[in-house]
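In what follows, every chain begins at residue 1, and chains take the letters A, B, ... in the order their sequences are listed.
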There are 2 protein chains.
Amino acid sequence: MSQPRNVRGQVVPDAPRAGEARSVPDATVARLATYLGVLTLLAERAITTVSSEELATGAGVNSAMLRKDLSYLGSYGIRGVGYDVGILTRQISRTLGLTVHRSVALVGVGNLGQALAGYAGFASRGFRIAALLDAAPELVGTTVQGFTVRDVAELDRVVAEEGITIAVLAVPGKVAQEVCDRLVAAGVTSILNFAPVVVSVPEHVDVRKVDLAAELQILSFHENRKAAAALTKAANS
Amino acid sequence: MSQPRNVRGQVVPDAPRAGEARSVPDATVARLATYLGVLTLLAERAITTVSSEELATGAGVNSAMLRKDLSYLGSYGIRGVGYDVGILTRQISRTLGLTVHRSVALVGVGNLGQALAGYAGFASRGFRIAALLDAAPELVGTTVQGFTVRDVAELDRVVAEEGITIAVLAVPGKVAQEVCDRLVAAGVTSILNFAPVVVSVPEHVDVRKVDLAAELQILSFHENRKAAAALTKAANS
DNA sequence: TTATGTGAAGGATTTCACAGCG
DNA sequence: CGCTGTGAAATCCTTCACATAA
């Protein structure tokens with residue numbers, strides 16, 4: 001991510017204001033979300049304290065990395081004991097900006113869009129689906145997972161009315177860039193892109209891409225590697 | 001730990017130590033899948049040659065990184081010209097192990113599972129969905145997206161009969177570890193995990209996790225950062 | 001001349017290992 | 001004593017810059 005710059009293009013030094021977290025690396029941010037999930041499970045089981053070792057195991061990382069990650073938020077552990085589940089949950093939530101209510105628009109109500117609309121994880125983690133949008137006349141007006149599908153022509157108005165800043169893009173690749181441009185023009189500043197194309201956006205907009213086919217291809221690579229290793233092993237014996 | 005290479009770009013088999021002979025970095029593998037997607041689009045438009053600059057732009061990376069990535073596969077470009085779309089497509093496909101036919105099992109036929117079953121990207125990229133499995137009696141035997149849902153009790157037999165090595169896990173978090181264990185026991189060595197929990201697997205099994213809620217939380221963090229930057233900017237003016 | 005391929009430099013991330021607090 | 005928090009080391013990844021080949 002690019003550093004903040006002032007009008008003259010100079011890099012603004014990190015403002016070390018009291019109570020503010022230092023700049024958090026991208027890799028850490030991605031893992032904080034995972035830690036939050038594990039903490040939620042612990043809380044459901046009425047566990048109030050957890051060590052870095054236990055939390056790290058639950059999140060699939062090693063304990064040194066977890067402690068380093070948490071150190072970016074400040075010092076919220078108790079030496080010789082561990083972390084308080086409630087306190088840590090709150091600190092991570094605050095860092096991720098989850099204390100602010102966020103409305104999300106879901107554009108594209110095909111197979112994937114419908115599944116995403118019904119995904120319980122969104123609501124339970126504090127995201128409100130404020131609108132389902134699609135271009136197909138036969139879908140507009142119907143109810144999907146309890147939401148009424150609205151015409152994508154209303155995109156601008158819906159984004160403004162609902163104060164939407166985050167959009168989930170689940171449209172076909174061919175129209176992804178066009179829809180993306182309209183979202184940005186309407187004021188959306190974060191996009192979760194499920195379309196199998198790279199969309200280009202202005203500097204101030206963040207995009208994260210989820211490419212299902214790519215994930216399988218990466219696994220395929222490792223399958224290949226394992227098969228090759230097995231052959232080598234067999235040849236050497 | 002960069003590998004020595006000969007003139008043809010092949011990795012020279014060096015140390016006798018039979019550790020992991022990984023010549024292509026993980027970060028590169030992830031991007032190769034993206035490059036492949038862009039190349040496919042170019043081929044559809046009957047474009048036969050592409051420069052590193054153009055291909056990089058299409059994939060959303062800079063050209064130096066693209067060239068470095070491709071250099072791990074060997075030297076398949078033409079200096080002063082660029083890359084042949086067909087040749088490069090084949091080389092990347094070969095590296096990702098996509099020339100081998102791979103059968104995939106999809107476990108969990110809920111909202112998300114059904115959407116994934118209908119996802120065209122899987123088939124078009126060479127992955128065959130060989131089985132849909134679920135535990136719900138009311139689903140078993142029904143047809144979803146053209147596939148007959150089979151009972152998860154048959155998991156072992158199905159995996160063996162179809163020669164399945166990759167599984168997509170789209171079950172609730174509470175049963176994810178249990179189903180995962182059964183998949184591994186049946187012989188699956190790669191898992192794409194959509195359940196919102198971290199599953200633990202033996203050394204020889206690869207897991208990739210897709211966490212939809214986490215993706216939104218990461219975007220939320222950046223929304224927060226942008227909001228804070230806007231406030232700072234306003235205060236400084 | 002043009003655009004690739006790649007050492008080397010520069011950053012970012014992860015791991016190590018241990019000081020220091022509770 | 002046990003476990004966190006963190007400099008320092010190690011590793012991994014990206015960018016730079018230019019020799020090199022078509």
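Distances from the side chain of A:Ala27 to the nucleotides D:dG5, C:dT14, C:dG5 place C:dT14 closest.
If you take CG of A:Asp69 and P of C:dA12, they are 16 Å apart, rounded to a whole angstrom. The interatomic distance linking A:Leu32 (CG) with C:dT13 (P) rounds to 13 Å, in whole Å. In this structure, the CG atom of B:Asp84 is 15 Å from the C1' atom of C:dT4, given to the nearest Å. Atom-to-atom, CG of A:Leu55 to P of D:dG5 comes out at 12 Å; the value is rounded to the nearest Å. Rounded to a whole Å, the CG atom of B:Leu66 is 14 Å from the P atom of C:dT6. Rounded to an integer number of Å, the gap from B:Leu70 CG to C:dT6 P is 11 Å. Computed from coordinates, the A:Gln91 CD to D:dG5 P distance equals 12 Å when rounded to whole Å.
When atom types are taken as modelled, the side chain of A:Thr28 and the backbone of A:Val24 share no donor-acceptor pair closer than 3.5 angstrom.
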Nucleic acid footprint by protein, nucleotides 15-22 of chain D - heavy-atom cut-off 4.0 Å, B for base, S for sugar-phosphate alone:
BBB-BBBS
Check the pair B:Thr99, B:Arg94 against side chain to side chain donor-acceptor pair (under 3.5 Å), reporting the backbone distance first and the verdict last.
CA-CA 6 Å; B:Thr99 51; B:Arg94 200 168 60 86; over 6 Å; no
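A pairwise comparison of heavy atoms in A:Ala195 and A:Val171 identifies CB-O, 3.5 Å as the closest pair. The heavy-atom pair separating B:Ser220 from A:Arg102 by the smallest distance is OG-NE, 3.0 Å. Considering all non-hydrogen atoms of both residues, A:Leu88 and A:Leu70 come closest at CD2-CD1, 3.9 Å. A:Ser190 approaches A:Val205 most closely through the heavy-atom pair N-CG1, 4.3 Å.
The ring-ring contact (aromatic ring centres under 6.0 Å, His included) search around A:Phe122 returns A:Tyr119, not counting sequence neighbours.
In terms of phosphate contacts, A:Ser51 brings no side-chain nitrogen or oxygen within less than 4.0 Å of OP1 or OP2 of D:dC3. For the pair B:Ser52 and C:dA3, the criterion of a side-chain N or O lying under 4.0 Å from OP1 or OP2 is not met.
In terms of position along DNA chain C, the nucleotide closest to B:Tyr83 lies nearer the 5' end than the nucleotide closest to the other residue of the pair B:Tyr83 and A:Arg31.
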